[in-house]
Amino acid sequence: MRRSAVTLWALCVVAAGSRNAAASPLFDLTGGADGPGGMQPGTIGGGASAAYFNPALLVDAPAGLGVGFLTIAEEIGISLDGRPNTSAAVPGGISNAAYPNGSPIGNIPIPTAQLQATHPRQGDGSGHQAFAYEYIGFVARLFDERLSLGFYGMIPDGNFANLTAFYDDEREQYFTNSLHPELYADRLTAISIAGGASWKFSEALSVGLGASLSLRAGVGAPTFVSNAGDLAHLLIDTNANVNVSLSPNIGVSFRPTPRWHFTGTVHAPEKVDLDVNFTFLLPSGLQQGSSFPLVYDYMPWQIGAGAAYDIVQSTSDTLTVAGSAVYGKWSDYVDRHGDAPVSAYGWYDTLTPTVGLRYDHEATGCSLDAQYKPTPVPPQTGRTNYVDNNRIGFGGGVDYRFSMFHTSMRVGVQAQAYWLVPRHQTKLPTPAEPDGVDHYPALVVDEVPDTAQVGGMPIAGSQGLQTNNPGWPGFGSSGYVLTGGLYLTVLQ
Amino acid sequence: MSVLRDLFLFAGLSACQFGGPSGDPSHYVPSPEAGDDGSVEVPSDDVTVVPIEGSSSAPVPDSSVDDGLESGSTADDADIDGGCNQTVAVCDPVHDTGCNPLQQCDVNPTQTTTPTGLCVFNGPSEAAVCTSSIVNESCAPGMTCISGACRSLCFCDSDCHQGDCCTDTSGPAGFLLCQSCE
């Protein structure tokens, strides 16, 4: 048995060391949507979703085929503080601004008045969306029911996966000029397909190994620019490749007594990698290119532990109280542009506790859970605008088992409601930088340095801070996320 | 019920964050030019633009260049403050540096007191003559459109093709043009 456990760990480490990984932030939000798992699917089994959350619990899931429908509505409001006056506005006529020595000042900001007219602040946010999904799962038993196999997949309606990158600082002015929920939005359409296997060593102990599926893609775009003033007539080729990748997880389930049940899980980091390479060839023969990585749906190392105790055990009734906690190593987070938060605003590791009850009466079961998930994002008082909130969630579900046409079935409904606790943050002032050098890189950037010039002449209105950072001078966020769905399992 | 109470207590105590920010976001970061003492070298304003006409930072009338060249000296001879190493504001249209890969540097026609470049797109002209505006020009990098013809910009002879000399003063203020040495 010890050798088997070591082998499972070795498989995990090898797989986690590969650059290919998967992504399942959607699973983490919906929980066990196909059974009594609810918001504690790593502790309470009962469905094929154990293939992702804790494959060791596949032994508790009834063998059969399940299908279901799920919907998610996110209503996350982001309110930006008003800009106090025009002194921080980026002036016009600076498209050729440069330092006194002639070197460019970097990313030339868009004049604030023009930006507000074309891309108003928070005019293109992504916190108000609804999604629908179908899920399918199955559990099979082999080898005298010692081996259980499971598959669980959740497929969004519409786009199979949305991968939307945005900057979390002043660079977003060139695109949406808005803030976005860092851990929701496009992450709610992450590719979510998992499989797992569990081996029952005894009636008390089972160990499982699973993996979730994802993609690693590379896109190359060699481009010929015949007329840079007419970009509508580019000549472009594309070279794209897509690789399937796996991210492992491991789980253990231990029942020392008929009433007690303990579980443990480890999930390796998950993400979708997209490498973009592009080259531009000009008629002059000049060719330049660049490449950059994009990272979507990042999930860190997660280690979970749970315990459940049957308060009532009888032939017709069972009342179980359960608690679990998941440690997430969010300090390793990388955002969609592959950037890690600066140390002055490094993310927290978090511990997310969940408690709940399960009650079974004959053919009917119900569940109730409560969860508090602290945000890993520290107050964004500097340059970056990672938007996230502490989250309080409640979930519940009911299922009913019956027979029809000599076939056993289970039908259920479940829902979760998450409240994102209101949060507000005010940016720290950026001290004056009279030499025109950015000495405070963690704070809001002065996008028009005091020494910047145009044509050798100082720029009027360049003194002090000028910024188009959409999160300046502060912002608040709050909202809620609702999930709910139906499921049907045809039991073997 | 004691088990339930203990679980809730565990949940309340365990809802925490670990690690997180390290360091002061308002920490002063010296510039790369700073010395060991942490002091910052403040760039001098007079390194901004060095007019090719002389060492003075003050604009010099075009006539001073004309006079010097008309007296028989070449641009190299005059070697006006660095000759080929002239500094131009924004970008350098002679050597086509300072712009992003999609653009090239042309002379900024709105700046007549100091030599100033302007990043523009390159767009071929369908007419026989060249065209230029504040957003695009049809001449190759290193050239500018003057009176419908593309002319090579220069600061000194080495900027011109073999056989050409940097002696034509009919170009935009602050720049010379290449012409045959003969």
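Lettering follows sequence order; numbering is per chain, from 1. Since this is a predicted model, take the numbers as computed values, not measurements.
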Is any side-chain heavy atom of A/R383 closer than 4.5 Å to one of A/E170? yes

Contacting region of [X] [heavy-atom separation from chain B under 4.5 Å]:
X	value
A/F280	side chain
A/A98	side chain
A/S331	neither

Under the side-chain hydrogen bond (donor to acceptor under 3.5 Å, both in side chains) rule, what do A/H261 and A/D310 come out as? Steps first, then yes or no, please. CA-CA 9 Å; A/H261 182 201; A/D310 291 344; over 6 Å; no

Greatest number of non-hydrogen atom pairs under 4.5 angstrom with chain A, of B/S26, B/G19, B/C119, falls to B/S26

Determine the option with the most heavy-atom pairs under 4.5 angstrom with chain B, choosing from A/T375, A/T430, A/T381. A/T375

Please determine whether a side-chain nitrogen of the Lys or Arg among A/K373 and A/D388 lies less than 4.0 Å from a carboxylate oxygen of the Asp or Glu. no

Does a side-chain N-to-carboxylate-O contact under 4.0 Å join B/R151 and B/D168? yes

When the ring planes of B/F155 and B/H95 are compared, do they come out parallel, tilted or perpendicular, using 30° and 60° as the limits? tilted

Parallel, tilted or perpendicular, as decided by the 30° and 60° cut-offs, for the rings of A/Y333 and A/Y386: perpendicular

Engaged part of B/N136 at the chain A interface, taking heavy atoms whose separation is under 4.5 Å: neither

Tell me, side chain or backbone of B/P25 under 4.5 Å from chain A's heavy atoms, or both, or neither? both

